[in-house]
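The structure appears below as structure tokens.
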Amino acid sequence: MIKTVSILGSTGSIGTQSLEVCEKHGIKVTALAAHSSIDMLEQQARKYSPSVVCIYRDDKYAELKKRLADTNIKVLCGMEGLCEIAVMDESDIVLNSVVGMVGLLPTLTAMEAGKNVALANKETLVAGGKLVTDLVKKKSIKLYPIDSEHSAIFQCLQGNKREQLSKIILTASGGPFFGKTYDELRAVTKAQALKHPNWDMGNKITIDSATLMNKGLEFIEAKWLFDLEPEQIEIVVHRQSVVHSAVEYNDYSVIAQMGVPDMKIPIQYALLYPDRMECPTGRLSLTDYGKLTFDKPDFETFKCLSAAIEAITRGGAYPCLVNSANEEAVRAFLNDEISFIEIGEIVLSVLDKFEYFDINDYNDVTKADTMARDYVRGIVSDRK
């Protein structure tokens, strides 16, 4: 079992639950990092006594440093600070739960230093999947998935021969607009989109769940995590979020991982692997649910999902392009600059806007990221 961890994104939903797991099992927190929430980061720093904290926003650095002046905690800021935390000798593992493209470079930096990584940052694999998986092989390190779906697949693969895998079944809650038509989505408000039926998450991820972009990103992640072809990944809408995903083997046996919808279960599995211990969550009662349902996703209505699958099917920079376009489109929607359905329309249009090119290094990722963001900002600006 690991004894020390650095947590990037400690004030978010995954980060705070990760700290609960660490507290439960006596895992020492050596470093904490947050985007901008200095109030919560200060509270966490005083409670868990890490040796280092980092605030990503440079304009928050002076205030946080002042607040922690009475402690021995070193205060860092920006991307440089995130990367310094990512390579700390004191940490057995780096848990990356930051939101957005900012998570890629710290992951690559940690891996270059030979660190094992517990990953909850989707964009790391979506934008830089080949870079990450190449490093895993080169450095002989471990990459543990924290997403409930990928953790479920990881668990279902244990004790079986990888070459006998036929396909994976990636479950989706369907979000708050399951069953809605495209025309019905025209009137969706921000408040409606931010109301998820099963999970409590940050605003960006909640919107991604409403558009089903979240599942599209997980589709891309699964391809890299488990070395699959796109046709080996099936998405199934499962409204109850009890079956977190499943694996079909070549004898057509299907093994599923189930549990209450609580992220502490996959977080703990990533941190304690291969051990299983009591988790600070509830037990699953199937009789309380009564029945479980499974439906096909609506690819026509939820264009973000279609765009993500098409992007990884094409390969190259397309997954990075659609991801960055989505980040900008979601930001615009949350700022009341575009409508809900325009998110999917914009993301899908990226596929026809740019020519194919490969991702060979981090500079290629930043190039694709900038291209997509500039494109979306131009669209938003023209509509004002």
Side-chain angles (χ1 to χ4, degrees), residues 100-101 122-123 125-127 129 170 172-188 190 192-193 203-224 230-231 233-235 237 296-359 365 367-384:
M101 278 286 294
K122 296 182 185 304
E123 292 75 12
L125 283 168
V126 171
L170 199 64
S173 71
F177 306 126
F178 172 73
K180 299 289 186 183
T181 66
Y182 194 67
D183 283 340
E184 287 175 323
L185 294 184
R186 294 182 187 279
V188 164
K190 185 163 62 177
Q192 290 171 327
N203 285 356
K204 195 268 181 183
I205 298 175
T206 303
I207 298 301
D208 282 351
S209 293
T211 63
L212 293 197
M213 183 63 174
N214 203 44
K215 202 53 50 180
L217 297 179
E218 288 172 7
F219 187 102
I220 298 171
E221 283 184 279
K223 178 262 184 292
W224 292 113
E231 54 268 25
I233 307 171
E234 178 186 3
I235 296 175
V237 176
K296 293 181 179 180
D298 183 347
F299 294 102
E300 290 296 320
T301 297
F302 296 94
K303 298 184 184 299
C304 281
L305 179 59
S306 298
I309 294 173
E310 178 63 22
I312 192 59
T313 301
R314 293 187 187 186
Y318 284 114
C320 182
L321 289 165
V322 298
N323 173 72
S324 297
N326 177 68
E327 283 193 20
E328 281 300 314
V330 170
R331 180 200 58 77
F333 172 68
L334 290 172
N335 289 336
D336 301 311
E337 295 171 326
I338 63 173
S339 68
F340 180 77
I341 62 168
E342 285 179 301
I343 299 173
E345 292 171 354
I346 289 171
V347 171
L348 192 61
S349 71
V350 167
L351 294 169
D352 294 326
K353 173 65 178 177
F354 299 105
E355 297 292 329
Y356 177 95
F357 65 92
D358 279 323
I359 297 290
V365 174
K367 172 187 171 183
D369 180 56
T370 301
M371 289 167 57
R373 291 180 190 277
D374 287 347
Y375 168 67
V376 176
R377 287 168 185 160
I379 293 175
V380 174
S381 178
D382 289 344
R383 297 187 184 187
K384 287 183 179 178

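Predicted, not measured: the structure shown is a model, and the values here were computed from it.
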Side chain Glu123, main chain Gly100, donor-acceptor under 3.5 Å: yes

Reported NZ-to-NZ distance for the pair Lys204 and Lys122, which is rounded to 0.5 angstrom: 8.5 Å

Where Ile220 and Pro319 come nearest, the two heavy atoms and their spacing: CD1-CB, 4.0 Å

Distance-only criterion, 3.5 Å: show the donor-acceptor pairs between side-chain atoms of residues 329-336 and protein atoms not counting sequence neighbours.
residue: Arg331; atom: NE; partner: Glu328; partner atom: OE1; Å: 3.1
residue: Arg331; atom: NH2; partner: Glu328; partner atom: OE1; Å: 3.3
residue: Asn335; atom: ND2; partner: Arg331; partner atom: O; Å: 3.3

Contact summary for Leu351 and Tyr318, nearest pair of heavy atoms: O-CE2, 3.7 Å

Salt bridge (Lys or Arg N to Asp or Glu O under 4.0 Å) against Asp358, all qualifying residues, sequence neighbours excluded: none

Show me the donor-acceptor pairs, under 3.5 Å and distance only, between side chains in residues 303-310 and residues at least two apart or in other chains.
residue: Lys303; atom: NZ; partner: Glu300; partner atom: O; Å: 3.4
residue: Ser306; atom: OG; partner: Phe299; partner atom: O; Å: 2.7
residue: Glu310; atom: OE2; partner: Arg314; partner atom: NE; Å: 2.9

Leu217 CG to Asn323 CG distance, which is reported to the nearest 0.5 Å: 5.5 Å

Side-chain (Ser324) to main-chain (Leu321) donor-acceptor, under 3.5 angstrom: no

Atom pair CD1 (Ile379) and CD (Glu337), whose distance is rounded to the nearest 0.5 Å: 12.5 Å

Steps toward side chain to side chain contact (heavy atoms under 4.5 Å, CB included) verdict (Phe357, Lys367): CA-CA 10 Å; Phe357 65 92; Lys367 172 187 171 183; 4.2 Å; yes

Straight-line distance of Phe302 CZ to Thr211 OG1, nearest 0.5 Å: 8.5 Å

Least distance between heavy atoms, Ile235 atom then Ala172 atom: CG2-CB, 4.3 Å

Validation row: Val322, Met213 side chains within 4.5 angstrom (heavy atoms): yes

Reported CG-to-CE distance for the pair Asp369 and Met101, which is rounded to 0.5 angstrom: 4.0 Å

Geometric class of the Phe340/Phe177 ring pair [parallel <30°, tilted 30-60°, perpendicular >60°]: perpendicular

Tyr375 side chain to Ile346 backbone, donor-acceptor under 3.5 Å: no

Straight-line distance of Ser339 OG to Lys190 NZ, nearest 0.5 Å: 13.5 Å

Side chain to side chain, Pro230 and Phe219, heavy atoms closer than 4.5 Å: yes

Option passing side-chain contact (heavy atoms from CB on, under 4.5 Å) with Ile343 (candidates Val376, Asp208, Ile207): Ile207

